[in-house]
Amino acid sequence: LLAFVLAVPPAIWLLEKLLAQFEYRIQLSWETFALAGLAAMVITVVTVSFQSIKAALANPIHALRNE
């Protein structure tokens with residue numbers, strides 16, 4: 001969340017500079033950045049949850065035998 005908050009203002013500034021060079025301009029909306037941040041957070045939560053559940057359900061005996 002902190003990385004998203006820190007990255008959005010420079011991204012908006014850079015994208016406005018980049019898009020100003022084109023003849024046909026579009027307006028950036030906050031919904032685009034909010035959707036990207038929400039998607040990143042959902043992917044992060046799903047990934048961490050999956051790995052945590054996998055580690056919690058693993059049998060420690062198998063891990064010790066392999067080492």
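Throughout, numbering of the chain's residues begins at 1 and tracks the sequence.
- Listed here is the closest heavy atom pair of Leu19 and Arg25: O-CG, 3.8 Å.
- Cluster annotation: Val42 and Val5 are assigned to distinct hydrophobic clusters (Ile/Leu/Val/Met/Phe/Trp/Tyr, side-chain heavy-atom contacts under 4.5 Å, transitive).
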Under 3.5 Å, side-chain donor or acceptor atoms of residues 27-39 against the rest of the protein: list the pairs with distances, not counting sequence neighbours.
residue: Ser29; atom: OG; partner: Glu31; partner atom: OE1; Å: 3.2
residue: Ser29; atom: OG; partner: Thr32; partner atom: OG1; Å: 3.2

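- The CG atom of Leu6 lies 4.5 Å from the CG atom of Leu2; values are rounded to the nearest 0.5 Å.
- Residues Ile12 and Ile26 share a hydrophobic cluster, clusters being chains of Ile/Leu/Val/Met/Phe/Trp/Tyr side chains in contact below 4.5 Å.
- Note on Leu15 and Phe22: same hydrophobic cluster, where clusters join Ile, Leu, Val, Met, Phe, Trp and Tyr whose side-chain heavy atoms are under 4.5 Å apart, directly or indirectly.
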